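Worksheet: one structure, shown below.
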Amino acid sequence: MNYQVQLNNGQAINLTNAEFDVAAFTATLNDQKINFVNIGGAIINKHIIISVLPVSAAETETQV
């Protein structure tokens with residue numbers, strides 16, 4: 001499935017064909033002892049994540 005991660009600095013990370021355990025990812029985001037997460041090979045501060053949204057393949061291809 002494809003996802004777009006929106007960050008509070010205006011950037012977005014597009015994940016194509018991403019496979020991850022949603023429950024484990026949610027637990028990581030909610031764990032107060034963890035400050036950084038690995039999203040698509042990028043290590044980012046979890047506090048700048050605004051949303052993680054599923055997108056269709058056509059939408060991902062048309063974005064610049």
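Keep in mind that the numbers below use all heavy atoms, side chains included, and drop hydrogens, waters and symmetry copies. This one's a predicted model, so the numbers in the text were calculated from it and none came from an experiment.
Under the 3.5 Å distance criterion, the side-chain polar atoms of Asp31 are left unmatched by any main-chain donor or acceptor of Ala27.
The shortest heavy-atom contact between Leu29 and Lys46 is O-NZ, 2.9 Å. Between Thr16 and Asn2, the shortest heavy-atom contact is CA-OD1, 3.1 Å. Taking all atoms of both residues into account, the shortest heavy-atom contact from Asn8 to His47 is ND2-O, 4.1 Å. Of all non-hydrogen atoms in Asn38 and Gly41, the two that sit nearest each other are OD1-N, 3.0 Å. Nearest heavy atoms, Met1 versus Glu19: N-OE2, 4.0 Å. Between Asn14 and Gln4, the shortest heavy-atom contact is OD1-NE2, 3.0 Å.
Residues Val22 and Ile44 share a single hydrophobic cluster, defined by chaining ILVMFWY side chains whose heavy atoms lie under 4.5 Å apart. Under the 4.5 Å side-chain heavy-atom criterion for grouping Ile, Leu, Val, Met, Phe, Trp and Tyr, Val52 is connected to Ile48 within one hydrophobic cluster. Ile49 and Ile34 are members of different hydrophobic clusters when ILVMFWY side chains are connected at heavy-atom separations under 4.5 Å.
With values rounded to the nearest 0.5 angstrom, Leu7 atom CG is found 10.0 Å from Asn45 atom CG.
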* Is there a side-chain contact (heavy atoms from CB on, under 4.5 Å) between Ile39 and Phe25 once you walk through the steps? -> CA-CA 10 Å; Ile39 296 181; Phe25 185 69; 4.0 Å; yes
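In terms of the ring-ring contact (aromatic ring centres under 6.0 Å, His included) criterion, Phe36 has no residue partners (sequence neighbours excluded).
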